[in-house]
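Comments concern the structure below.
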Amino acid sequence: MIDEMITVLEASPMPDFVETKYIKAVTERSLSYIKAGFPVHFRGISGTGKTTLAMHVASKVNRPVVMIHGDEEFTTSNLVGGEYGYRLRKVVDRYVSRVVKTDEDMVKRWVDNRLTVACKYGFTLIYDEFTRSRPEANNILLSILQEKMMDLPVGRGSEEQYLRVDPDFTSIFTSNPEEYAGVHRSQDALRDRMITMDLDHFDYETEVAITQSKSKLSRADTEMIVNIVRGLRESGKCEFSPTIRGSIMIAKTFKIQGASRAKPNGAFLQVCQDILASETSRVGSKTNQSRVKDIVKDLVEKHTRGSKPDEENPAVN
């Protein structure tokens, strides 16, 4: 019986989740590493689907999920637990008439946090963007991942000084190596205990499938948008490469406007320039904006030239 005041998640595939050959291959390799007893670490830049993949793999593990988001302010107690409030016990004795005896006792109340609960009950831990937490806060993970043992603080009040990690406990980590602020380098010892899978931008088929699933556009309209975004990415002239989020933003806006390759509207170019100039610049420099907008203009002209009605690939409803 689980007697903890903590929320756990039940991972299940999203209705618009797309599992292409690329996604399936990454998932199968991840599950192999987990079954072999190793934690998995998805490392990649923004927009490479790290968190979504972590949730998808966790759903395949078929255990309750505990999710933690890395934070600069985290300490070990944010992972393990701490003293939160007091427990008051009061006894009023009226056994003898006209005599009232009271006995009060107040003790600090210990509450296990998410990492302790996951270790105790064999849940799946997803530690999203764990490098945003300071390395000293993550030290507790070293013995958990290697010796399958967790050091318990004295203040927890338990006679046991260690917690044996449940054999079903698994962990999935994510991190962004290009995050420029609010992140820390992971300890070598921690990185050495996990299997890191470097994720890059999705392959063409996966990018088209995800964008179409999210936007419900036709295949042809989706391919046109993805080609524009990938063309800008492959130009190598952006401060930051546009990600699949750019494709999805443009596609959803295109869908809301009711436009298509057969019925393009004049705002399409402006939408592409707004979204892609924003996504490829950190500080919004005018030099980058002008360069990106010129490239996008050429790409839009190239991929909308000779557009015809798409009768063979109707929009997904």
Side-chain angles (χ1 to χ4, degrees), residues 14-26 44-53 56 199-282 284 287-317:
M14 292 185 291
D16 55 357
F17 184 82
V18 175
E19 189 171 29
T20 62
K21 187 177 179 181
Y22 169 83
I23 299 292
K24 196 171 183 179
V26 173
I45 61 174
S46 176
T48 50
K50 302 181 294 295
T51 306
T52 303
L53 270 172
H56 179 61
L199 303 179
D200 203 344
H201 295 288
F202 294 113
D203 67 317
Y204 181 78
E205 281 303 319
T206 303
E207 194 161 344
V208 169
I210 293 175
T211 304
Q212 185 179 20
S213 175
K214 297 288 184 184
S215 66
K216 312 303 180 190
L217 279 179
S218 69
R219 171 85 183 187
D221 287 338
T222 305
E223 286 184 338
M224 175 187 67
I225 293 169
V226 170
N227 285 332
I228 292 170
V229 173
R230 291 176 73 91
L232 177 61
R233 186 185 304 152
E234 292 164 2
S235 71
K237 296 181 179 179
C238 303
E239 186 179 354
F240 295 97
S241 297
T243 69
I244 192 173
R245 290 196 178 100
S247 298
I248 294 172
M249 289 176 184
I250 295 171
K252 283 190 171 181
T253 306
F254 203 47
K255 179 71 174 179
I256 291 294
Q257 292 177 338
S260 68
R261 293 176 73 240
K263 299 185 298 180
N265 61 19
F268 181 63
L269 172 60
Q270 190 64 57
V271 169
C272 291
Q273 290 178 325
D274 286 343
I275 292 174
L276 296 177
S278 165
E279 201 187 14
T280 55
S281 175
R282 178 173 293 157
T287 304
N288 181 77
Q289 285 187 20
S290 299
R291 182 170 59 244
V292 169
K293 286 182 178 180
D294 288 342
I295 298 172
V296 171
K297 183 180 178 183
D298 292 341
L299 289 167
V300 169
E301 288 177 355
K302 173 183 176 183
H303 291 288
T304 58
R305 191 179 301 133
S307 297
K308 296 179 180 179
D310 182 36
E311 297 176 352
E312 295 180 356
N313 299 290
V316 178
N317 296 315

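The model shown is predicted, which means the values in this text are computed figures rather than measured ones.
- A donor-acceptor pair is defined here as one N or O able to donate and one able to accept, closer than 3.5 Å; such a pair exists between the side chain of K50 and the backbone of G44.
- A 4.5 Å side-chain heavy-atom check between T243 and T48 finds every atom pair outside the cut-off.
- Q273 places a side-chain N or O within 3.5 Å of a backbone atom of K293 that can act as its donor or acceptor partner.
- A donor atom on one side chain and an acceptor atom on the other are found under 3.5 Å apart for D274 and Q270.
- Checked against V292 for a side chain to side chain contact (heavy atoms under 4.5 Å, CB included), the options S278, C238, C272 give a single hit: C238.
- Residue pairs that meet the salt bridge (Lys or Arg N to Asp or Glu O under 4.0 Å) test with at least one member in residues 233-254, sequence neighbours left out, are E207-R233.
- Between Y22 and D200, the closest heavy-atom pair is OH-O, 3.9 Å.
- Using a distance-only test at 3.5 Å, with no hydrogens or angles considered, no donor-acceptor pair links the side chain of S213 to the main chain of I210.
- Looking only at side-chain heavy atoms (C-beta outward), T206 and V18 stay at 4.5 Å or farther from each other.
- The backbone N or O of L276 sits less than 3.5 Å from a side-chain atom of T280, completing a donor-acceptor pair.
- A distance of 8.0 Å separates OG1 in T211 from CD1 in I225, rounded to the nearest 0.5 Å.
- Here CG of D203 is found 5.5 Å from OG1 of T20. Values are rounded to the nearest 0.5 Å.
- Two residues are said to be in side-chain contact when any heavy atoms from C-beta on lie closer than 4.5 Å; T253 and I275 meet this criterion.
- Counting all heavy atoms, side chain and backbone alike, S218 lies closest to Q212 at C-NE2, 3.7 Å.
- The OG atom of S247 sits 8.5 Å away from the CZ atom of R230 when rounded to the nearest 0.5 Å.
- In this structure, the separation between NZ on K216 and CG on D221 is 15.0 Å, given to the nearest 0.5 Å.
- Counting all heavy atoms, side chain and backbone alike, S235 lies closest to I295 at OG-CD1, 4.0 Å.
- The line from CD1 of I250 to OG1 of T222 is 11.5 Å long, rounded to the nearest 0.5 Å.
- Using modelled atom types, one finds no donor on one side chain facing an acceptor on the other under 3.5 Å when comparing Q289 with S281.
- At a threshold of 4.5 Å between non-hydrogen side-chain atoms, the residues F202 and I23 count as touching.
- H56 has its side chain within reach of F17: a pair of non-hydrogen atoms, C-beta onward, lies under 4.5 Å apart.
- Looking at heavy atoms from C-beta onward, F268 lies out of side-chain contact with Q257 at the 4.5 angstrom threshold.
- One distance of note links NZ of K297 with CG of L269; it measures 7.5 Å at 0.5 Å rounding.
- F254 places a side-chain heavy atom less than 4.5 Å from the side chain of M224.
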